[in-house]
There are 2 protein chains.
Amino acid sequence: MSKATIYDVAGAARVSLATVSRAINNPEKVKPETRERVLRVIEELGYKPNAFAKGLASRKSTTVAVVVPDMSRASIAEMMNGIADIARVYKYSILLYVLESEDASEEDILREIIAAQVDGILYLNDEITSPQYEFLRTIKNTYQIPVVLTNTFYPEDDEIPSVSIDYERAGYEITKKLLDEGRKHIYMVSTVRKYMVNDLKEAGYLRAMNESGLEPKVMRTSGRISINTEHFNEYFKDNKVDGVIAVRDSIAISFMNVAFENDVRIPEDIGVCGFQNTKYARLARPQLSCVDLPIYDMGAVGMRLLTKLMNKEEVTDRVIKLPHSIVLRKTTL
Amino acid sequence: MSKATIYDVAGAARVSLATVSRAINNPEKVKPETRERVLRVIEELGYKPNAFAKGLASRKSTTVAVVVPDMSRASIAEMMNGIADIARVYKYSILLYVLESEDASEEDILREIIAAQVDGILYLNDEITSPQYEFLRTIKNTYQIPVVLTNTFYPEDDEIPSVSIDYERAGYEITKKLLDEGRKHIYMVSTVRKYMVNDLKEAGYLRAMNESGLEPKVMRTSGRISINTEHFNEYFKDNKVDGVIAVRDSIAISFMNVAFENDVRIPEDIGVCGFQNTKYARLARPQLSCVDLPIYDMGAVGMRLLTKLMNKEEVTDRVIKLPHSIVLRKTTL
DNA sequence: CTGAAAGCGCTTACAG
DNA sequence: CTGAAAGCGCTTACAG
């Protein structure tokens with residue numbers, strides 16, 4: 001039959017609806033006996049409070065909005081797992097908003113989120129522009145709803161907390177690794193489109209190269225993943241390249257494929273490193289060395305931080321950088 | 001600067017709140033002049049109806065629940081893109097529920113979904129068990145809320161509509177392809193854990209092999225993706241294998257890696273095929289031939305079907321199979 | 001075409 | 001510790 005309401009429970013337990021409400025939300029405020037009686041009836045009737053009525057009356061939704069650019073990126077999906085796990089622990093529901101739609105601007109979508117009365121917003125992205133940041137800040141302040149950036153941060157300001165990774169340092173460290181192998185002509189392969197996270201990796205690479213008095217060389221692929229033969233001939237064939245760091249695993253693998261066609265030995269002739277440690281790094285031949293990024297953790301920590309904010313708990317660390325590591329496999333010496 | 005309510009709009013437009021409500025939801029029922037006046041005020045005030053009040057009063061949420069087993073599977077993520085795009089077109093919000101949690105049983109999660117008052121449920125999975133199906137059917141009938149299965153279906157019953165792929169036929173066709181190349185000793189590599197979709201691929205493989213009077217051979221990997229040297233020695237080394245069909249691209253790639261270590265030439269000695277056509281099929285060396293699955297479309301069509309159901313439109317096709325295709329690359333002749 | 005009013009199912013001061 | 005009652009912000013018959 002149709003759903004039981006709080007009235008049904010109150011009737012069956014012979015108490016008022018106020019008591020039922022308290023038995024659920026403030027158990028300590030009701031006498032143990034009546035509380036148990038109420039709880040038993042709730043069990044029997046399979047009663048679940050109507051989320052709308054609850055949200056309307058309490059002005060809290062126990063729902064968070066998760067805003068993502070595009071689900072099909074491996075990192076986004078894995079972060080969602082971390083988010084979902086923590087959300088469940090703290091009993092929050094997740095409203096999912098996928099940007100990158102022709103039908104609606106980002107602003108429209110954020111307005112929609114406000115109307116949905118979420119308690120918090122988790123903003124996942126590789127980057128954030130000034131207007132985007134300002135808009136989020138306005139939302140936060142106008143509607144008093146906490147926002148957390150995940151996998152990105154805004155360099156000039158920390159009003160909106162963020163959890164991310166020290167990409168600059170990771171870029172530095174992985175370059176160092178190749179440098180330590182005695183390599184001197186190391187390329188960084190990045191993307192044409194500017195992403196904040198990739199720019200940071202690049203900055204780290206530049207720092208390491210400069211420290212060693214070596215000339216940095218950056219190549220930018222236009223496609224999403226592929227290094228093709230033309231690229232290879234243009235950038236790598238004539239140069240005495242002995243190291244390649246790609247901003248994504250897939251770019252590294254793609255590079256290896258053309259390199260093999262051109263009889264390059266990896267890692268002997270060229271050392272190759274990727275970023276992220278996707279499961280495909282292990283499927284590459286040879287297995288790819290790369291920076292290991294704690295993607296799941298980023299989602300989990302971001303969500304946890306948001307729960308603290310929603311709960312008005314004290315948050316000391318507003319800009320969290322999660323530790324990464326470097327996984328050495330077969331594409332480095 | 002708290003949010004404007006319907007009262008604020010009514011006041012500013014000098015009408016009753018009923019008229020405001022109509023201007024939004026049944027514009028044809030209000031005189032053009034007043035409608036425009038109301039709409040202008042709404043614009044000025046940046047008014048957005050409170051989703052809770054609306055949901056409570058109208059008993060509709062314009063929200064659907066999407067239930068997934070694990071976000072990090074590439075197919076799930078890509079389906080979410082299709083779902084999100086169509087959801088946006090029809091103005092539905094998405095509540096995301098990730099199963100596979102120790103903290104809550106699937107039943108608990110479904111109860112939670114009911115409490116959230118969603119208008120429909122999209123159930124994404126590789127398979128569905130009898131108890132799961134029965135439970136979904138109960139929900140559908142008890143609460144009158146439409147459910148659509150995506151990427152799976154229930155063989156014995158079509159009460160719950162589904163959109164999926166003819167995996168059996170795909171398995172048959174890809175086996176045929178290898179058979180047509182003159183290969184006779186074709187292995188199917190599946191998973192130890194039984195998944196409905198994999199069993200169907202296997203059934204198609206068996207049919208093709210039997211038709212040709214050839215002996216079918218199935219190997220099951222225990223790990224999630226890897227074929228290791230032991231597997232290779234046990235199954236492939238002594239046998240005169242000349243074809244391998246893997247139920248996932250990653251398994252096919254993993255097989256290729258050990259095969260190369262053992263000096264097998266692909267596709268000359270062994271033809272290899274995968275399933276799904278992930279972007280990693282193109283990153284494999286040699287590039288992997290495989291069945292191409294319309295993953296995005298499955299999400300989109302599933303969501304579209306759900307909107308029809310929620311709208312009480314007539315639905316003739318309750319069991320939809322989307323067309324797949326076969327992409328031939330370098331691991332077949 | 002428009003308004004007054006009841007009602008959706010909860011929470012939460014306020015009394016007692 | 002418990003109950004009566006107001007109120008959250010909408011929708012929707014029902015009159016007019």
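We name chains A, B, ... by the order of the sequence lines, and we start the count at 1 in each one.
- For B:Glu156, the CD atom sits in a packed shell: over 12 heavy atoms of surrounding residues, nucleotides or ligands are nearer than 6.0 Å.
- Remark: the backbone N or O of B:Asp126 is not paired with any side-chain donor or acceptor of B:Asn151 at under 3.5 angstrom.
- Searching all strands for a Watson-Crick or G-U wobble partner of C:dG3 with both distances below 3.5 Å returns D:dC14.
- Other residues, nucleotides and ligands contribute only 12 or fewer heavy atoms inside 6.0 Å of the CD atom of A:Glu43.
- The distance from atom CZ of A:Arg59 to atom C1' of D:dC10 is 13 Å, rounded to the nearest whole Å.
- Within 4.0 Å (heavy atoms only), A:Phe52 reaches no atom of the nucleic acid at all.
- The two residues B:Pro69 and B:Val98 come nearest to each other via the heavy atoms O-CG1, 3.9 Å.
- Atom CD1 of A:Ile6 is separated from atom P of D:dG3 by 12 Å (rounded to the nearest Å).
- With hydrogens and angles ignored, a donor-acceptor pair under 3.5 angstrom links the side chain of A:Arg22 to the base of D:dG3.
- Considering only side-chain N and O atoms, A:Asn25 lies under 4.0 angstrom from the phosphate OP1 or OP2 of C:dT11.
- Taking only side-chain atoms of B:Ser21, from C-beta outward, the nucleotide of D:dT11, D:dC1, C:dT12 with the closest atom is D:dT11.
- When each of D:dA4, D:dT12, D:dC10 is scored by its nearest atom to the side-chain atoms of B:Ala18, the top-ranked nucleotide is D:dT12.
- Between A:Arg14 atom CZ and D:dG3 atom P there is a gap of 11 Å when expressed in whole angstrom units.
- Between A:Lys60 atom NZ and C:dT11 atom P the separation is 10 Å, expressed in whole Å.
- In the model, A:Asp157 has a side-chain atom that pairs as donor or acceptor with a side-chain atom of A:Tyr133 under 3.5 Å.
- For B:Thr5 and D:dG9, the shortest distance from a side-chain N or O to OP1 or OP2 is not below 4.0 Å.
- The distance between atom CG of B:Leu17 and atom C1' of D:dT12, rounded to the nearest whole Å, is 11 Å.
- Per the geometry, CD belonging to A:Gln117 stands 9 Å off P belonging to D:dC10, to the nearest Å.
- Two residues, A:Pro49 and B:Thr34, neighbour DNA chain C, and the one matched to the more 5' nucleotide by heavy-atom proximity is B:Thr34.
- Comparing B:Ala57 and A:Thr19 by the nucleotide of DNA chain D that holds the closest heavy atom to each, the one mapping nearer the 5' end is A:Thr19.
- Remark: B:Tyr47 is in phosphate contact with D:dC10, judged by side-chain N or O atoms under 4.0 Å from OP1 or OP2.
- Rounded to whole Å, the distance from NZ on A:Lys54 to C1' on C:dG9 is 12 Å.
- As a whole-Å value, the separation of A:Glu33 CD from D:dT2 P is 8 Å.
- Heavy atoms of A:Ser58 sit under 4.0 angstrom from primed sugar atoms or phosphate atoms, though from no base atom.
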